[in-house]
Amino acid sequence: MRTQNQSGYGTAQRSHWPGSQLRCWFAGIVLLVCTQATFADGDTDRASAFKKTVAPFLKTYCVKCHGAKKPKGDRRFDVLSGRIADNNDLIDLQDILDQLNLSEMPPPDEAQPSDDERRMVIAWLTGAIADYHTTQRRANQCCDD
């Protein structure tokens with residue numbers, strides 16, 4: 001929108017909207033608040049399912065080789081909390097998921113989980129990883145200008 005000044009030449013009228021940088025920060029804050037509210041119950045359910053299903057599974061089938069004493073492959077699964085706090089947690093959970101999907105772990109000479117146990121842990125891992133990626137993507141979307 002242009003207005004005319006006294007000399008008759010048009011001048012640009014300044015917009016009262018904040019710059020894209022400020023809008024990006026505002027959108028990020030709104031998104032963060034909404035995301036936290038949306039996933040709050042899911043986080044509680046996911047943490048409960050981890051404690052009830054995944055942690056005992058890891059203790060039974062994984063921690064013998066991937067625990068505090070000489071963890072094979074430099075992987076310690078006895079310290080996992082079920083929360084993906086950083087890329088290291090994400091990599092550990094993704095590695096567990098891959099090994100379970102390929103039926104590579106536990107090794108054939110070790111105790112094996114039932115198909116139902118394996119499916120439940122695979123479902124939990126898949127959901128946790130998908131939620132993490134969705135949250136990260138949403139957090140990054142506002143600033144992709």
Side-chain angles (χ1 to χ4, degrees), residues 1-3 5 10-145:
M1 182 167 148
R2 292 198 167 273
T3 59
N5 63 16
T11 59
Q13 185 175 2
R14 284 199 165 160
S15 170
H16 294 288
W17 290 97
S20 64
Q21 197 77 334
L22 186 56
R23 279 187 302 224
C24 179
W25 280 102
F26 179 73
I29 290 169
V30 169
L31 180 64
L32 181 63
V33 169
C34 292
T35 301
Q36 293 300 326
T38 301
F39 289 114
D41 290 336
D43 285 347
T44 303
D45 293 343
R46 191 162 306 287
S48 174
F50 180 84
K51 289 178 185 173
K52 181 179 174 185
T53 304
V54 181
F57 180 95
L58 294 173
K59 185 176 182 182
T60 302
Y61 300 107
C62 307
V63 171
K64 178 180 173 186
C65 297
H66 299 285
K69 295 180 183 179
K70 296 184 185 179
K72 290 187 178 179
D74 291 326
R75 301 281 191 208
R76 280 196 63 190
F77 299 151
D78 61 322
V79 294
L80 295 176
S81 68
R83 183 174 171 268
I84 303 175
D86 57 27
N87 284 338
N88 290 328
D89 291 342
L90 177 63
I91 289 167
D92 283 342
L93 295 183
Q94 185 65 58
D95 285 348
I96 294 168
L97 177 61
D98 292 343
Q99 295 301 312
L100 290 174
N101 276 322
L102 294 170
S103 295
E104 302 261 330
M105 291 288 162
D109 57 336
E110 296 292 334
Q112 296 295 309
S114 70
D115 288 342
D116 285 342
E117 287 176 303
R118 188 181 296 269
R119 274 193 290 271
M120 288 190 332
V121 172
I122 287 172
W124 185 92
L125 290 166
T126 302
I129 291 167
D131 285 352
Y132 177 79
H133 285 300
T134 300
T135 303
Q136 295 298 49
R137 189 171 34 257
R138 286 180 180 170
N140 292 331
Q141 270 181 339
C142 77
C143 298
D144 286 342
D145 296 333

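The chain is numbered in sequence order, starting from 1. Quick caveat: nothing in here was measured; it's all calculated off a predicted structure. All values below were derived from every heavy atom in this structure, side-chain atoms included, with hydrogens, water molecules and symmetry-related copies excluded.
Heavy atoms only, all atoms of each residue included: Pro106 and Ala111 are closest at CG-O, 3.5 Å. Taking both residues in full, the closest heavy atoms of Pro113 and Phe57 are given as CB-CE1, 3.4 Å, listed atom of the first, atom of the second, then distance.
With sequence neighbours excluded, no residue forms a salt bridge (charged side-chain N to carboxylate O under 4.0 Å, His left out) with Arg118. Qualifying side-chain contact (heavy atoms from CB on, under 4.5 Å) partners for Thr126, counting only residues two or more places apart in sequence or in other chains: Leu97, Ile122. Shown here are the side-chain hydrogen bond (donor to acceptor under 3.5 Å, both in side chains) partners of Asn87, two or more places apart in sequence or in another chain: there are none. With sequence neighbours left out, Lys72 forms a side-chain hydrogen bond (donor to acceptor under 3.5 Å, both in side chains) with no residue at all. Every residue meeting the salt bridge (charged side-chain N to carboxylate O under 4.0 Å, His left out) condition with Asp78, not counting sequence neighbours, appears here in chain and number order: Arg76. Annotation: side-chain contact (heavy atoms from CB on, under 4.5 Å) contacts of Asn88 (sequence neighbours excluded): Asp86. Under the side-chain hydrogen bond (donor to acceptor under 3.5 Å, both in side chains) criterion, Asp95 pairs with Arg75, sequence neighbours left out. Judged as a side-chain hydrogen bond (donor to acceptor under 3.5 Å, both in side chains), and not counting sequence neighbours, Gln99 has no contacts. Judged as a salt bridge (charged side-chain N to carboxylate O under 4.0 Å, His left out), and not counting sequence neighbours, Asp109 has no contacts.
Atoms CG and CD1, from Leu93 and Ile84 in turn, are 5.0 Å apart once rounded to the nearest 0.5 Å. Summarising the geometry, atom CD1 belonging to Ile91 is positioned 11.5 Å from atom CG belonging to Asp98; distances are rounded to the nearest 0.5 Å. One distance of note links CE of Met105 with CD1 of Ile96; it measures 11.0 Å at 0.5 Å rounding.
Within 6.0 Å of CZ on Arg83 lie no more than 12 heavy atoms contributed by other residues, nucleotides or ligands.
Among residue pairs with one or both ends in residues 51-66, those qualifying as side chain to side chain donor-acceptor pair (under 3.5 Å) are Tyr61-Glu117, Lys64-Glu110; sequence neighbours excluded. Applying the ring-ring contact (aromatic ring centres under 6.0 Å, His included) definition to pairs two or more places apart or across chains, none involves residues 86-117. Residue pairs that meet the ring-ring contact (aromatic ring centres under 6.0 Å, His included) test with at least one member in residues 83-120, sequence neighbours left out, do not exist here.
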